[in-house]
Every structure is written in C-alpha cells, then in structure tokens.
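See structure below.
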Amino acid sequence: MIVKTLSKCIREYKKESILTPVYMAGEVFMEVAITYVLSLLIDRGITPGNMGEILRIGGLLILCALVSLAFGVMSGRSAAVASTGFAKNVRQDMYYNIQTFSFANIDRFSTASLITRLTTDVTRMQHAYMMLIRIAIRSPLMLIFSLIMSFRINVRIATVFLCAVPVLGLGIYIMMSKAHPIYERVFKTYDKLNRVVQENLRGIRVVKAFVREEHEREKFGKVSDTIYRDFSRAEKITTFGSPLMQASVYTCILLSSWLGAHIIVAGNMTTGQLMSVLTYAMSILTSLMMLSMVLMMLIISRASAERICEVLNERTDIANDPGAETVIPDGSVDFDGVSFSYGGRGGRSCLENIDLHIRSGETIGLIGGTGSGKSTLVQLIPRLYDVTEGCVRVGGRDVREYDIEALRNAVSMVLQKNELFSGTVAENLRWGNENATMEEIRHAARVAQADGFIMAMPEGYDSEMEQGGSNVSGGQKQRLCIARALLKNPKILILDDSTSAVDTATDRAIRDAFRSEMPDVTKIIIAQRISSVQDADRIIVMDNGRIMDFGTHDELLNRCRIYREVYESQQKGGGDFDEQ
C-alpha cells in the first residue's frame, strides 16, 4: 500500500528512475570486468614479462575504467534528478491534499505534525529513494556478478564468501526488527519538538512579557533529550552492523588466502586469479555492507513513508456531490433538527436539536457563554464542518447539495482568530476578491472603518504587512479582516466575535454601515457585548449547545432571565454570559 501510494509521485521522473539502475548496472559490469582484466594483465603480461601484452591489456583496462566512470557520472546525475523530483512531487501532493481538508480532517493532524511531514519526512524519503535506485541496485548486482566470477575461478574459495551471506542477513534482520519501533517513536517526538518551537515563536511576546524563557528552555530541553536518547538507542543497535561486517570480511579474507595459497602451490590457480578472487571477496562483502546500509535507511524512512501516506491517503470528510448546485438564490438560513459532535456519532454533542429559521437580509445577534456552541453553529453554514444529524439549508436547499466553492463564496466569514499574511494591505484585502479594483477595496475598507488608519500608514494600501499582521493592532487587524470579507460581496456575512478589540464607537459605526450599505445581506454577529447586537432584528441566546431563546432585544428583556441579568450587569459596567 505504501509503495503503491508513493509510486504515484514519480510521474514525469520515470525516465530518470529507470535509467539510473540501467547506468548503475553498466558501471557494476565494468567494475567486475576491470578486476578480470587486471588478473589477465598479471598472468599474461607482468608474470612472463611480456611488454606487448602489458600494453594491450593495460589499454583495455584504461578503456574499461573510462566507460565505468561515464556510467557512474550518468547514474549519479539521473539519480539526483529522479530523487529530487520525486521529493518535489511528494511534497506538492501532500500540500495540495491538505488544501482539500475540512476542519475535521485538519483536527486529526496537528499543525506541527503536518510541517514535520512536509519537511523532515519528505527529505528522508528523498535520500531513501536515491539509495533505492542506486545503491539498492548496485549492491545486489555487484554481489551476484562477483559471486559468478568467483565460482568461475574457484568453487572452494567462492563457497567461503557464500557462507558469510546468511550470517550477515540474520544480523541485519535482528537489527531491523529492533530499530524500527524506536525510529517510529522518534518521529512522533519530532512532531512534539516542532510544536514546542512553533508555540514559542508565535507567542514570543507573551513569553517575554511573563519572563517564561527559562520554562520554555526546560520544555524544549526535555523533548530534545528524549529525541537524543531514542536516537542513541537506535544508533547503538545499528552500529553492531559494522563490527559484524568487518568480522565477516576479515574471516573470509583469511580463509580464502589460506585456501588460495594451498591451491596455488598445488598448481590449480594462478597468482592473478587469486588476486581477482580476493578483490571479488572484498566486492561481495562491501556489497553486503552497502546493502545493510540501504536496509537501515529503509528502516528509518519506513516510519516517514507511513506518516506521508497518512496525509496522502486522507480524504476530506466534505466533498461535492455529482451535479452540485452552483447558484445560491438568497441568504436565508434554516437549521432543522441539527445536532453536531466533533467526534461524529456517539461523541459528546456540541449542538443538540437546533431548530432555527433566519430570513434573507436579517441581522441576527448571537450571544452566549464560552463553550455554548456559537462558533460551531455558524461554521456549519459554509460547511466547514458537516452536521452529525439534521440539516442546514441556505437559500432553501441543503448545504450538502451546493458546490463547496460556490457556497463558501456566498458565505463570507470573519473567524474568531484573525489571520493576515505577509504582503501589502491591498494584497491581503484581495483575498476576498482577487480582481477587486482599488475603488472597491477602499469602499470595503470604509465600511469596515479601516480606510482611515490604512491611509495613515507610510504607503497607504501599498504598505507591507508583516507575517500575521504583527505591525497593526488587534482592532485594526479585525477591521482589515472584515473589509476582506466584504469584498466577496456575500449573501451571508458572519462575524465571529470579530469586533471584540474595537472600541464601542467604531463598533457602532461598523454596524451602521452594514445596515445602510448591505441591506440585502444576511448578517450574523457573534458578540459578548449586548450593546453590539441589541439593535439586531433578532437575537439568539445560546447555552450548553442549545438555543435558550430567540427574539428581539425587547422580547428577550421581558422573557429571558439570563439575557436580562447580563444586560443589566453590563449597563453597570461589568458582567457577561460566563458569570452566573
């Protein structure tokens, strides 16, 4: 299954992947031939002192060496192209597949784990693939050719080399079986190490503000030490390969030298033939050593291959049905008997029996305590998650009947966690509409109350944004994200607590602009402050995954005790839905 999945990533590099072992076979054949020609040089030229034979065979030897060198150069070049191309395709296929993931798919992998798989694991696979198409071809061919030539020269001496093969094979198998579980554990620890580094770099301001550098150093040190201990344990196991190989090599050389001396004395073998046999002995045992290295690399890379295939074989939970509808008629939203659990059926429900009907063009407030299910509820509308039970309708149709891209283009959502990207302000805003004109961008920014501070920046809309928008304040970042969402010209606009860092006056100005500029757009505003939603057409009060009440501000003041108490508390300068 792993081989089948990864072999699809070879694609346009099949030619180089096939030529590499062909060139390698040519190089091996010529190396074996060089040893044979060298024995002829000794027996026919040097020993009898025949200068003519020395020149003729010496010239042939030089020609063989040059041909072997040419095959080696071509093999190395094609292997480099094939392995780097293979790694490029693996990385590209993983990244493209990640882009199709739903939120549920992404939740199954941590961000740090995905980064490790896209970098460390792919690099390891690149090295393994190069060894696979070069050394893994060279070693068996050299082993086979050298054994054939050895048996042609002398069966008794060749049998000595053959006896070393099962001994080395057994030793390599024992090392493989013991080292592989450790390497699997190491790569999981690498995920944890990346997570620690990622959290530290993202939250470096918080770390310094709370003087927690020492704590972060200790946390990093513990994970780093765990990797060190596991790698040390694995390396100790694999280092047994070297003394085992050396013992086999020297034993074979001693035995073949002893046997060869007796055979030469008996007149059944020449000096050149003995030299050839000893050279073939070294080639056989070196091939076994290289083969053991390849096997150890495959052991290490197997864990990486499994982790890569997990990402490549992951299929999104949310996909288009054949003939999916691409036209969303209006912004009406209906929840019919909706229940949802992040763990699927049988998991703990985050939403239970939600029945809700929102008319197109309405402004809906959504309030409730932390963990009451507000964000989860609105994320079901653009199918960031799919319902566990029931049905969500937009424009009178089940959202599962729509083309996902068309649906999400019609639903503009400003998430609770705002994210800006490196580039200019205008480039960030064009995420909402890549073809937006400068006038459309400025209009969206004015509605979001962002035009003023953007124009105050050194280069206005061409000012560079640092990664994550770290060069603007929290409130400014929220307003930029709202402007970006408005550029989509959506039928439904969802603001998930997206004005929490904005002052009250600006918050009201944004809501007033929504009312005048976007009368036909359905607006769902999640907020903690009742003042942010009290002028909405209707307000939803949520608690513990259920809708406790739904009505206008005045209706809720009259009949909803929780809403009334929080409102009165906030009017006095405090209190929210998390307080009893």
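The model shown is predicted, which means the values in this text are computed figures rather than measured ones.
Formation of a donor-acceptor pair under 3.5 Å by the Lys374 side chain with backbone atoms of Asp496 is not found in this model. Under the 3.5 Å distance criterion, the side-chain polar atoms of Thr424 are left unmatched by any main-chain donor or acceptor of Asp462. Under a 3.5 Å cut-off, the side chain of Ser339 and the backbone N or O of Glu352 do not form any donor-acceptor pair. For Arg383 (side chain) and Leu380 (main-chain N/O), no donor-acceptor pair under 3.5 Å exists by modelled atom type. No donor-acceptor distance shorter than 3.5 angstrom exists from the side chain of Lys488 to the backbone of Leu493, with no hydrogens or angles considered. Looking only at distances, no side-chain donor or acceptor of Asn89 sits under 3.5 Å from a matching main-chain atom of Arg11. Asp121 places no side-chain N or O within donor-acceptor distance of the main-chain N or O of Ser304, the cut-off being under 3.5 Å. Using modelled atom types, no side-chain atom of Asn200 and backbone atom of Val196 make a donor-acceptor pair closer than 3.5 Å. Side chain of Ser139 to main chain of Ala136: no donor-acceptor pair is present (N/O by atom type, distance under 3.5 Å, no hydrogens or angles). Arg77 places no side-chain N or O within 3.5 Å of a backbone atom of Thr20 that could act as its donor or acceptor partner.
Thr120 places none of its side-chain heavy atoms less than 4.5 Å from the side chain of Ile115. Here the side chains of Tyr342 and Thr376 are in contact, with some heavy-atom distance below 4.5 Å.
Nearest heavy-atom pair, Pro382 versus Met413, reported as atom, atom and distance to 0.1 Å: CG-SD, 4.0 Å.
Annotation for Asn544: atom CG does not count as buried by contact number, only 12 or fewer foreign heavy atoms lying within 6.0 Å. Around the CZ atom of Arg400, the shell of radius 6.0 Å holds more than 12 heavy atoms that belong to other residues, nucleotides or ligands.
Looking only at atom types and distance, the side chain of Ser532 has a donor-acceptor partner in the side chain of Asp507 under 3.5 Å away. Ser17 and Tyr129 share a donor-acceptor pair across their side chains, judged by distance under 3.5 Å alone. Judged by distance alone, the side chains of Ser83 and Tyr13 never bring a donor and an acceptor atom under 3.5 Å apart.
The pair Arg217-Glu214 meets the salt-bridge criterion, since a charged nitrogen lies less than 4.0 angstrom from a carboxylate oxygen.
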